[in-house]
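See structure below.
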Amino acid sequence: MSSVKAELLTSPAAVKFKDSMGGQYDEGYVKISPPGHVQPAGFMDDLPKILDFQVRPDDVWVVTFPKCGTTWSQELVWLLMNDLDFDQAKKVPLIDRFPFLEASTIIPQAVKKPPHSLDVVGGMKSPRLIKCHLPVELLPKQIWSVKPKIIYVARNAKDVIVSYYYHHRLWNECTLTLDEFAECFMENVVSYLPFWDHILAFWRLRNEPNILFYSYEDMKTDLAAVVRKVADFLERPVPAEKLPQLLDHLSFQKMRDNRAVNFEGLVDDQRVGVGLRPTSSDQTFMRSGKVGDGREKLSPEIQQRVDAWTRACLEGSGYDGPR
Ligand code: PPS
């Protein structure tokens, strides 16, 4: 921890992004080095606890950059680990079944209330299912010696930019335009960036026996194949006769209408907590659920810039990125 440094971001893009968040992160954002990872300044208070968090060998972690298919994969993993208990999956909110490790460290100060998410996960019965968006360098140190199962999900940059933009509009009423947000994304002034470093670090680890790496695009192309891969990895085979019900439960339409996974309620709690009006009907967590939104929604000029930036970030890595 002594070697980790946090530097307040003060570039014009950083100030523009902070100011677009309606005062919810007035303390600003910091770049944490190594690895140059961005978070709201308040995150630093909890980083020592995160790094020293006790990992268990039978944990199952879903780790992603935000908006890459986390919730979709969590629901799949929870069902596989709980004998396909569809009734419970529809009743109990996913956040309670499969908590988000650093949730309390990143939500706006105005809506922070106990219990702290680190304590919630620390107090869970095994086997714990844990969601986390942190990069390799800031995961609990024990993860590399205890080696629990880790599922990492990647997604193409353009669709993530669009999805993350609408995420910031949904939860925080971010006032930037989509193209302005894309610029802030490529300039690494938004939480959890830099994007490609996050994905590449796990792509390099993809052949470790305790790590499974796939993409949102893989799930869209052949969900049944991903289900089989995850089931094999977790050693929780799906009986053939149950597969259709599982695929149906995991469909975009069913997840969009399932209050236990679509964050209805939680979003409005946060919005009202920071003084925003509740969501309008066109603002939903389960938003578009497709591949190619970036090509439809980003301006041609920004798309060219994202393509050039992606090529530069991936150059020499041997990875072309999810598509
Ligand atoms: S978060 O906030 O980081 O946990 O978000 P995350 O769950 O990673 O990503 C949210 C995006 O995943 C889409 N989603 C799905 N797509 C297809 N099918 C299913 N079942 C599904 N469930 C979630 C969700 O709509 C978000 O993508 P966008 O592009 O915004 O629609």
Side-chain angles (χ1 to χ4, degrees), residues 39 61-79 86 89-90 93-103 105-107 117 129-135 151-172 174 178 181-182 185 190-193 195 198-199 202 213-227 230 245-264 266-267 270-271 279 282-298 322-323:
Q39 285 294 357
W61 292 62
V62 169
V63 182
T64 60
F65 184 90
K67 313 320 287 182
C68 287
T70 329
T71 312
W72 202 3
S73 297
Q74 284 177 271
E75 187 68 349
L76 166 59
V77 169
W78 188 88
L79 283 162
F86 295 105
K90 285 182 214 151
L94 185 61
I95 187 90
D96 296 329
R97 292 182 274 129
F98 204 135
F100 177 20
L101 184 74
E102 72 272 22
T105 74
I106 57 158
I107 57 174
S117 54
L129 306 181
I130 305 171
K131 161 183 170 175
C132 183
H133 288 313
L134 293 170
I151 292 172
Y152 188 89
V153 194
R155 190 179 186 186
N156 79 82
K158 286 182 202 152
D159 290 352
V160 170
I161 291 172
V162 173
S163 185
Y164 207 20
Y165 171 67
Y166 284 105
H167 173 100
H168 282 87
R169 292 192 57 88
L170 177 73
W171 293 89
N172 314 99
C174 171
L178 174 57
F181 181 83
F185 191 96
V190 179
S191 293
Y192 291 106
L193 292 160
F195 174 73
H198 200 297
I199 293 182
F202 265 98
F213 182 103
Y214 61 84
S215 69
Y216 180 92
E217 288 75 4
D218 293 336
M219 295 178 90
K220 287 296 291 186
T221 305
D222 189 348
L223 184 58
V226 174
V227 166
V230 176
Q245 193 181 357
L246 178 57
L247 295 178
D248 181 60
H249 181 96
L250 294 172
S251 70
F252 181 70
Q253 289 73 13
K254 288 285 165 68
M255 285 195 50
R256 188 191 53 200
D257 297 339
N258 179 355
R259 279 184 66 87
V261 295
N262 68 13
F263 291 96
E264 261 179 72
L266 263 188
V267 171
Q270 167 159 327
R271 288 178 63 100
T279 41
D282 62 337
Q283 288 180 300
T284 52
F285 181 89
M286 301 291 172
R287 192 186 57 84
S288 145
K290 60 184 187 195
V291 177
D293 224 18
R295 283 199 304 272
E296 284 172 22
K297 295 208 163 59
L298 294 164
R323 49 193 71 229

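Every number for a ligand or one of its atoms is a count from 1 in the order of the listing.
- Val160 and Phe185 get closest at one heavy-atom pair: CG1-CZ, 4.1 Å.
- For ligand 1, the atoms lying closer than 4.0 Å to a non-hydrogen atom of Ser251 are 20 (N).
- Under the side chain to side chain contact (heavy atoms under 4.5 Å, CB included) criterion, Glu296 pairs with Lys290, Asp293, not counting sequence neighbours.
- Considering all non-hydrogen atoms of both residues, Val261 and Thr71 come closest at O-CG2, 3.8 Å.
- Taking the six-membered ring where tryptophan is involved, the planes of Tyr165 and Phe181 are tilted, since the angle between them lies from 30° to 60°.
- If you check each of Met286, Arg155, Lys67 against atom 27 (O) of ligand 1, the one with the closest non-hydrogen atom is Arg155.
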- Message: Determine whether Ile107 and Gln270 satisfy the following criterion, side-chain contact (heavy atoms from CB on, under 4.5 Å), listing intermediate values before the conclusion.
- Response: CA-CA 9 Å; Ile107 57 174; Gln270 167 159 327; 4.0 Å; yes
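- Checked by atom type and distance alone, the side chain of Arg271 never pairs as donor or acceptor with a backbone atom of Trp171 at under 3.5 Å.
- A side-chain donor from one of Ser215 and Asp218 sits under 3.5 Å from a side-chain acceptor of the other.
- Nearest heavy-atom pair, Ser117 versus Ala103, reported as atom, atom and distance to 0.1 Å: OG-N, 3.3 Å.
- Residue Pro66 approaches ligand 1 through these ligand atoms, each under 4.0 Å from one of its heavy atoms: 3 (O).
- Proximity annotation for atom 12 (O) of ligand 1: of Trp72, Tyr216, Tyr166, Tyr216 comes nearest, heavy atoms only.
- Less than 4.0 angstrom separates some heavy atom of His167 from each of these atoms of ligand 1: 2 (O).
- The aromatic ring centroids of Phe213 and Phe202 lie 6.0 Å or more from each other.
- Shown in contact with Gly69 at under 4.0 Å from a heavy atom are these atoms of ligand 1, numbered in order with element: 6 (P), 8 (O), 9 (O).
- Under the 4.0 angstrom criterion for non-hydrogen atoms, Tyr164 is not in contact with ligand 1.
- For the residue pair Tyr166/Ser288, the side-chain donor-acceptor check at 3.5 Å is not satisfied.
- Remark: minimum distance from atom 7 (O) of ligand 1 to any protein heavy atom is reached at Thr71 OG1, 2.5 Å.
- Considering backbone and side-chain N/O of His133, one or more are found under 3.5 Å from N/O of ligand 1.
- Under the 4.0 angstrom criterion for non-hydrogen atoms, Leu250 is in contact with ligand 1.
- At the top of the distance list for atom 24 (C) of ligand 1, counting protein heavy atoms only, stands Phe285 O, 4.0 Å.
- In this structure, atom 8 (O) of ligand 1 lies nearest to the protein heavy atom Thr70 OG1, 2.4 Å.
- For the pair Met255 and ligand 1, the shortest N or O to N or O distance does not fall below 3.5 Å.
- By the criterion of a heavy-atom distance under 4.0 Å, neither the backbone nor the side chain of Lys290 is placed next to ligand 1.
- Under a 4.0 angstrom heavy-atom cut-off, Arg256 registers as lying outside contact with ligand 1.
- For His133, the side-chain hydrogen bond (donor to acceptor under 3.5 Å, both in side chains) partners two or more places apart in sequence, or in a different chain, are Thr64.
- Using a 4.0 Å heavy-atom cutoff, Lys131 is listed among the residues neighbouring ligand 1.
- Using a 4.0 Å cut-off between heavy atoms, Ser163 contacts ligand 1 through both its backbone and its side chain.
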